[in-house]
Amino acid sequence: MEVIILKDYEQMSQKVAARFKKMILHKPEAVLGLATGGTPRRFYEMLCDFHVKENLDFAKVKVFNLDEYLGLSAEHPASYAYYMQENLFSQVNLHKDQCFIPNGMTNDVAKECQDYEALIKEHGPVDLQVLGIGRDGHIGFNEPVSSLSSRTRIKTLTEQTRQDNAKYFSSSEQIPLHVITMGIATILQAQEIILMASGQEKAQAIAKAVEGPLTAMVPASVLQTHQRAKVIIDESAASQLTNKDYYQWVYENKPNWQKKEFL
Ligand code: F6R
């Protein structure tokens, strides 16, 4: 695992956007794994800017989103389908039939999950996956004690996660209890994973995920087992890391060839 600590949210977003741009330039038919939520908003703005100002071409790119609320249609402003439409899909030249998100309105959850796994198998593996992290250490919506071998399935949100997302709903009763999420084993199949986090409220989850034991209590700690996982965070999110100075030292002293490889 590589830990990259940058000054603030803007720099962190720039770094991740630059990595995605490089991936798309290098592999125009790349399969991207995408997250929603507050953290990647600026990153999406930057990707849209690359498209508008530098003609970054998404025509052959495929996209798999991590998760969706059960019971919300793509027209609901708090759904993740709506979020993706607003923040990325409507602004770049991605083909609609190459953008995949679990269907929150399905009548058959088990089949929807199986079909989603089959689609990832058919088009995948995901070349580059971006993740956020919950305050309880969740990735996707794999809440604490999710099986580390899990595949796409239904999960029940914790009350903390529901309250963290309450700002996107007009009342707390409207926040769904259930979601469909890629499983932890599904996420780990990605060739490369970048976990982003910003702000003090994520500092404890980041410290546990990076330096704590590998445990289903902190689903993000599973990234310790991935061969190409990068944790790209701002200084506030890094504030509880014991080995912070060492990560910065490693980053500053990367050999030139390795620096180029990343960007
Ligand atoms: C969203 C997702 C979640 C979020 C996490 C952090 O697709 O998979 O794991 O990344 O809840 O959300 P924010 O960025 O809003 O703090």
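Each ligand, and each atom within it, is numbered from 1 in the order the structure gives.
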Inset, instruction - Check the surroundings of atom NZ in K155: do more than 12 heavy atoms from other residues, nucleotides or ligands lie under 6.0 Å from it? - result: yes
Inset, instruction - Could you verify whether a donor N or O on one side chain and an acceptor N or O on the other, from Y69 and N165, lie under 3.5 Å apart? - result: yes
Inset, instruction - Look at atom 6 (C) of ligand 1 and say which protein heavy atom is nearest, naming residue and atom and giving the distance to 0.1 Å. - result: I133 O, 3.3 Å
Legend entry - Option from V222, T181, V126, I139 for which side-chain contact (heavy atoms from CB on, under 4.5 Å) with I187 holds: I139
Legend entry - Matching residue for M1 among H226, Q224, K230 - test: side-chain contact (heavy atoms from CB on, under 4.5 Å): Q224
Inset, instruction - Please could you name the atoms of ligand 1 that L66 approaches to less than 4.0 Å, counting only its heavy atoms? - result: 8 (O)
Legend entry - Contacts of F20 that satisfy ring pair (Phe, Tyr, Trp, His ring centres under 6.0 Å) - sequence neighbours left out: F43
Inset, instruction - Number the atoms of ligand 1 from 1 as they appear, then name those within less than 4.0 Å of a heavy atom of G37, with their elements. - result: 14 (O), 15 (O)
Inset, instruction - Using distance alone, with no hydrogens and no angle criterion, decide if R135 and Q163 have a side-chain donor and acceptor under 3.5 Å apart. - result: no
Inset, instruction - Considering only non-hydrogen protein atoms, determine which one is nearest to atom 11 (O) of ligand 1 and report residue, atom name and distance to 0.1 Å. - result: H138 NE2, 2.7 Å
Legend entry - Shortest protein contact, atom 14 (O) of ligand 1 (heavy atom only): T39 OG1, 2.4 Å
Legend entry - Carboxylate-amine/guanidinium contact R228 E192, below 4.0 Å: yes
Legend entry - Identity and distance of the protein heavy atom lying nearest atom 15 (O) of ligand 1: G38 N, 2.8 Å
Inset, instruction - Could you tell me which atoms of ligand 1, counted from 1 in the order shown, lie closer than 4.0 angstrom to a heavy atom of D67? - result: 1 (C), 2 (C), 7 (O), 8 (O)
Inset, instruction - Would you mind listing which atoms of ligand 1 come within a distance below 4.0 Å of any non-hydrogen atom of G132? - result: 10 (O)
Inset, instruction - Run the numbers for me: atoms of ligand 1, each under 4.0 Å from some heavy atom of K202, listed by number. - result: 6 (C), 13 (P), 16 (O)
Inset, instruction - Examine G140 against ligand 1 and note whether any of their N/O atoms are separated by less than 3.5 Å. - result: yes
Inset, instruction - For atom 1 (C) of ligand 1, grab the closest protein heavy atom and report residue, atom and distance to one decimal in Å. - result: T36 OG1, 3.1 Å
Inset, instruction - Kindly work out whether a path of hydrophobic side-chain contacts (I/L/V/M/F/W/Y, heavy atoms less than 4.5 Å apart) joins I4 to M12. - result: yes
